[in-house]
Amino acid sequence: MGKLGPSWLRDAVFYEIYPSSFYDSNGDGIGDIPGIIAKLDYLTALGVNAVWLNPCFVSPFCDGGYDIADYRQVAPRFGTNDDLFRLFAEAKKRNIKICLDMVPGHTSTEHPWFKASCQPEENPYSNYYIWNNSWLAPTDGLRMISGSTNRNGSFMINYFAMQPALNYGFANPNPEYPWQLPTDHPDVLKVREELKNNMRFWLEKGCDGFRVDMAPSLVKKDPGKKATMALWREVREMFDREYPECALIAEWAYPPQSLKAGFHCDFLLHCGTPGYTTLFRNEPERDLFNVSGLNKNTQYEDDGNDYTVTNRHSFFDAAGLGDAKAFFDIYMRHYELTRNDGYISIPSGDHDMPRISDFRDKKDLACVFAFLMTMPGVPFVYYGDEIGMRNIPNLISKEGGFTRTQARTPMQWDAGNNAGFSAAPAEKLFLPVDRASDAPNVSDQMSRADSLWHEVQKLIDLRKSTPALHADSELILLQADYPLVYLRRNGNDYILTVIQPARRKWECNITLPVAAQSLESLKNCNISAEVCGTLLHLSGDDTQYGIWKVIR
Ligand code: NOJ
């Protein structure tokens with residue numbers, strides 16, 4: 001275990017499971033933990049070796065479980081703590097790591113800490129949340145809720161109205177408002193200990209780490225996130241000391257802060273990373289997280305660079321109108337700054353963004369996965385993306401999902417009843433399954449050698465078996481354009497990747513940084529690649545990609 005953390009991260013390919021939608025083992029219409037255990041062999045077949053499980057704890061589910069009412073108890077709809085322990089054990093037998101979702105910034109208003117904190121009488125939980133000191137007191141620009149409790153004050157929220165912010169203190173408390181406690185206030189330090197102890201609780205039971213929700217949001221009024229970073233460094237020290245084989249993965253979307261703060265990985269996000277959205281999706285970058293501390297405007301302005309993305313076309317669209325440079329300008333800067341500290345994780349999608357399959361066919365999606373599996377860092381596959389599951393638009397919001405609901409529908413296992421997700425009557429399902437006659441499903445795609453599933457499976461296998469494609473091997477970008485061309489390097493081994501999402505005839509010359517004798521095809525979808533010393537000539541006539549070993 002070096003600075004980069006547990007060695008298993010090097011060849012890890014994560015799979016994100018939204019537990020309500022994965023597999024329903026007891027016919028109540030909602031996915032559950034025994035259902036995940038039943039599908040572990042599926043994960044092995046696909047080749048993924050780590051899971052990020054969205055929150056599965058007791059919750060009123062007003063924000064898909066990101067409103068936790070008990071950090072240490074599995075929500076009854078998903079099973080019991082024993083089921084989760086069994087998942088850890090069964091996954092371990094198959095060499096699959098299980099990371100849970102830790103939501104440190106806020107709880108549900110139904111959490112017993114918050115209920116105690118609402119009491120007018122002072123008690124040990126009074127300062128666990130951020131309260132001002134009078135029912136109509138000034139809020140100092142913070143998002144506060146008034147009038148919903150008997151306590152003479154308003155409480156700050158972190159996201160939705162029923163997600164009160166836990167109190168990790170203020171980096172620069174406003175002297176006019178003594179209720180803004182400093183980060184070393186004893187009550188605030190208690191909350192920090194609660195966070196660490198909640199992590200310890202699950203790590204002791206065999207969990208392999210956490211994806212940390214809204215990790216930069218903890219300390220308030222913290223420009224440059226210095227105090228928040230110090231807090232996470234303390235947590236990392238705990239991991240290094242007590243759980244060196246466990247992973248800390250940030251939802252931060254700003255690697256120069258998160259990875260320096262001790263996280264092993266940080267995600268690029270739809271709503272946090274300029275350039276990431278337009279790489280994969282046509283939607284404008286929305287400021288969903290502006291409220292939450294994942295504020296791209298402040299984070300990205302801090303380093304003095306202009307990251308305005310003007311081209312809204314996705315690079316991976318067959319139309320070929322996108323701009324990979326907008327992505328790589330930021331990516332390469334952050335990669336160089338952080339490659340000795342941790343990993344930048346590029347997800348295929350997640351439960352907060354539209355699925356990647358919109359407007360794409362199998363060939364387009366294969367290019368996306370070729371990119372994900374050949375880039376540095378630790379890749380994440382969102383459940384169902386491996387078969388090209390689609391967004392189901394216009395669904396009524398479920399459990400605080402709003403437009404995100406479209407990407408949270410049940411996994412499509414087969415062509416049978418409820419797509420094989422559940423034995424419940426269709427009207428009892430957590431969300432409807434994709435009922436289109438050509439809706440993709442696992443069983444069909446596993447039975448066809450030319451399916452997207454097999455393409456993804458082979459790419460995952462290639463990544464895991466090729467050290468130069470592992471998370472920590474060097475990236476040498478050769479061309480951020482159509483086609484995208486880069487090398488990965490591990491010692492003297494070089495792997496060349498060429499990805500052409502645009503559906504057109506194309507050719508180009510590239511200068512390699514090292515002379516090559518020949519190229520050995522590892523996965524070549526009909527691209528012609530001729531090499532003569534350092535000169536590489538590429539041509540093709542369609543959306544396609546190729547991966548070669550450079551023979552020197
Ligand atoms: C980010 C999570 O991914 C999202 O689903 C949730 O709504 C917010 N954080 C609030 O916890």
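All values below were derived from every heavy atom in this structure, side-chain atoms included, with hydrogens, water molecules and symmetry-related copies excluded. Counting from 1, the numbers follow the sequence of the chain as shown. In listed order, ligands and their atoms are each counted from 1.
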Could you work out, for atom 9 (N) of ligand 1, the closest of D350, D213, N54 by heavy-atom distance?
D213
Should the proximity of E399 to ligand 1, defined as any heavy atom under 4.0 Å, be assigned to the side chain, the backbone, both, or neither?
neither
Does ligand 1 have any atom sitting under 4.0 Å from a heavy atom of R211?
yes
Strictly under 6.0 Å, is that where the ring centroids of F22 and Y18 end up?
no
Proximal atoms of ligand 1 relative to H351 (non-hydrogen, under 4.0 Å):
2 (C), 3 (O), 4 (C), 5 (O)
Nearest option to atom 4 (C) of ligand 1, as decided by whichever heavy atom of D352, L269, N158, D101 sits closest:
D352
By ring pair (Phe, Tyr, Trp, His ring centres under 6.0 Å) - contacts of F85 (at least two apart)
none
Taking the ring centre of each residue, are F371 and F316 less than 6.0 Å apart?
yes
Hits for salt bridge (charged side-chain N to carboxylate O under 4.0 Å, His left out) against R408, two or more places apart or cross-chain, chain-then-number order -> D352
Under 4.0 Å from one or more heavy atoms of H106, ligand 1 contributes atoms 10 (C), 11 (O)
As an exercise, identify every atom of ligand 1 less than 4.0 angstrom from a heavy atom of R404.
4 (C), 5 (O), 6 (C), 7 (O)
S357 and R390 have their tightest heavy-atom pair at OG-CA, 3.4 Å
Kindly confirm or rule out a cation-pi arrangement of K39 over Y23, judged by NZ or CZ under 6.0 Å from the six-membered ring centre and within 45° of its axis?
yes
